[in-house]
Amino acid sequence: MKLQCSVETLGEIGVDSLVLFVPVLTKISDKNLRSLDVVTDGAVTTLLESEEFTGKNEEIAVILNPPEYEAARVILVGVGEKTKLNADSFRRAAGVVSRSKALQKSTSAAFHLLGSERDDYHQATIEGYLLGSFKQLDFKTGEAAECKNKLESITFVLAGRKSLKKIEKAVERGNVVAEGQLLVRRLVNTPSNFLTPTMLADQAKSLSRKYKFKYRALDEAAIEKEKMGALLSVSKGSQEPPRFIVLEYNGGRIGGKPVVLVGKGVCFDSGGISLKPGLNMHEMKGDMAGSAVVLAAIVTAARLKLPINLVSLMPAVENLPSGVATKPGDVVTSRKGLTVEVINTDAEGRMILADALDYANKFKPQAVIDIATLTGASLYVLGYSGAPIMGNNEPLLKRILAASEKTAERTWQLPIWDDFRNQMKSSVADLHNSGGRTAGTAAAGAFLENFIGDWPWAHIDIAYVDVEPSGKPYLPKGTTGIGLRLLVDVLSNWKRL
Ligand code: BES
Ligand code: MN
Ligand code: ZN
């Protein structure tokens, strides 16, 4: 997508579609809308009076061939009540307009946010457009593989030069952030036969070359040498060898302590010997969403040149049953030395995260954030509406909650109480990996807590929010890529805790 910003008169822009982002109107107070109304013999007035279009969020109306306009059509899209506007109003509106036939058939478009020169609104608008129009056609053939969206360029039109530089930056930033989120979606959607742990490592490697950050991957022998017994207990049943992927981006002070991100990378989770039911098991190709987020986060940090030192750890495995797979009741020794009784081989995410969190100590991190499609129980905590977070450091959790407000990627804190810690103690080993049906999401957090070091830590459970079940304006049905905007926002505003 070609993106630019310019200062022009709306009527003089020769594009296929001029898109106006319009707040709720009772009368036409905006001078641009008034001139459109005048040349169209009151088309805008008619839309308002008939309540066909009033500017409510997600409403859309098309005016074809407006006289005295160079544009072939004007698309009006509602952003909602003026007093309630926020960045997400624009993200949603842009998501709706991104899937309109009128815009998809255009090759060039101009976007104008009526009465707003705010940079965050412009950033959100391009994010909404790119996220909303996303379609993955990699596995289609013939006509179905053709992209129906013909749009090639978007020009953001501003009223004056005053905010031009600031908004140019914001649009570029929105573009990079949205591309990061789309990278997450693409990886999560990729079937496990096209994305084994080895192939995930290859993807990380080629991205590290393109965007200039460091790449390293421990192979099975190196993982054994690291004594990552919890991780190896998961990958044992699969023919595909595990990989422990280590990415480093140094945009901060030389030698400065990094922030370490850890992402669950289960390339396929069948449950192992504790086999999952067949219904929807195919969705478990996406059980590496956490890894995809931390990979895309480091790509995005590098592209945005964030002044921060960052490490992304991606423990990548497949969880399959076989004659050599880990069995319920087995006891394994984690990298840290704590023993774990495997009650349920389907509680594999916490096993690989346990060793990855312990490995994070190597980097003397200033903080560690892990992100994982960890518990099915999170569906009963916040549904598809938000991600439960836990941790040991209130200021860090507050930053994540604040980033949620800004990015509209909602999170909410759960406690780690002694009840949950006790729930994860085994009668056989130090810990067990499943503590029964109650408080599954918080108990998983309590399990992970055993493996952290002396640093601020937060855990984000994105099970279910990584998928949108019915389709929202900029989250088409399917994989959301949630967590990327959130983490990038946290990292963009990073200060020592
Ligand atoms: N990957 C799943 C969690 C999950 C389930 C994510 C559904 C997205 C949708 C995880 O590995 C898992 O199976 N967790 C178990 C843990 C239990 C056995 C303690 C679960 O939540 O049922
Ligand atoms: Mn599982
Ligand atoms: Zn899993």
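Order of appearance sets the numbers: ligands from 1, and atoms from 1 within every ligand. Below, all heavy atoms of this structure are taken into account, side chains as well, without hydrogens, waters or symmetry copies.
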| task | Pick out which of Arg92, Arg173, Arg91 makes a salt bridge (charged side-chain N to carboxylate O under 4.0 Å, His left out) with Glu127. | result | Arg91
| said: Can you confirm if the aromatic rings of Tyr121 and Phe21 lie within a centre distance of less than 6.0 Å? | reply: no
| query | After noting the C-alpha distance and the side-chain angles of Leu218 and Tyr359, does the key distance pass the side chain to side chain contact (heavy atoms under 4.5 Å, CB included) rule? | reply | CA-CA 12 Å; Leu218 311 189; Tyr359 188 86; 4.1 Å; yes
| So, Asp355 and Ser334: side-chain donor and acceptor under 3.5 Å apart, yes or no? | no
Which heavy atom of the protein is the closest neighbour of [atom], given with residue, atom name and distance?
atom                    : result
atom 18 (C) of ligand 1 : Asn344 ND2, 3.3 Å
atom 22 (O) of ligand 1 : Gly376 N, 4.4 Å
atom 16 (C) of ligand 1 : Arg350 NH2, 3.7 Å
atom 2 (C) of ligand 1  : Asp269 OD2, 3.6 Å
atom 7 (C) of ligand 1  : Tyr464 OH, 3.4 Å
atom 8 (C) of ligand 1  : Met284 CE, 3.5 Å
atom 6 (C) of ligand 1  : Ala463 CB, 3.6 Å

| remark: Atom name of the N, O or S atom of Asp287 nearest to the Zn ion (ligand 3) is OD2
| query | Which value, rounded to 10°, describes the OD2(Asp269)-the Mn ion (ligand 2)-OE1(Glu348) angle? | reply | 100°
Between [X] and ligand 1, which part of the residue brings a heavy atom under 4.0 Å of the ligand: side chain, backbone, both or neither?
X      : answer
Met288 : neither
Lys264 : side chain
Glu283 : neither

Atoms in ligand 1 with a heavy atom of [X] nearer than 4.0 Å:
X      : value
Lys276 : 2 (C), 12 (C), 13 (O)
Glu348 : 11 (O)
Thr373 : 1 (N), 2 (C), 3 (C), 6 (C)

With a 6.0 Å cut-off (strictly less than), is the heavy-atom count around [atom1] of [X], excluding the residue itself, greater than 12?
X      : atom1 : result
Arg410 : CZ    : no
Asp138 : CG    : yes
Lys276 : NZ    : yes
Lys150 : NZ    : yes
Tyr380 : OH    : no
Glu405 : CD    : no

Based purely on interatomic distance, does [X] place a nitrogen or oxygen under 3.5 Å from a nitrogen or oxygen of ligand 1?
X      : value
Asp287 : yes
Asp346 : yes
Thr375 : no
Asn433 : no

| Looking only at non-hydrogen atoms, which of Asp461, Ile462, Leu374, Thr441 approaches atom 14 (N) of ligand 1 most closely? | Leu374
| query | Once the angle between the rings of Phe447 and Phe451 is folded into 0 to 90°, is it parallel (under 30°), tilted (30 to 60°) or perpendicular (over 60°)? | reply | tilted
| Can you tell me the angle formed at the Zn ion (ligand 3) by OD2 of Asp269 and NZ of Lys264, to 10°? | 170°
| query | Atom CD1 of Ile126 and atom CG of Leu3: how far apart are they, to the nearest 0.5 Å? | reply | 4.5 Å
| Rounded distance [0.5 Å steps], CD in Gln366 versus CG in Leu396 | 10.0 Å
| Within less than 2.8 Å of the Zn ion (ligand 3), any N, O or S from Glu348? | yes
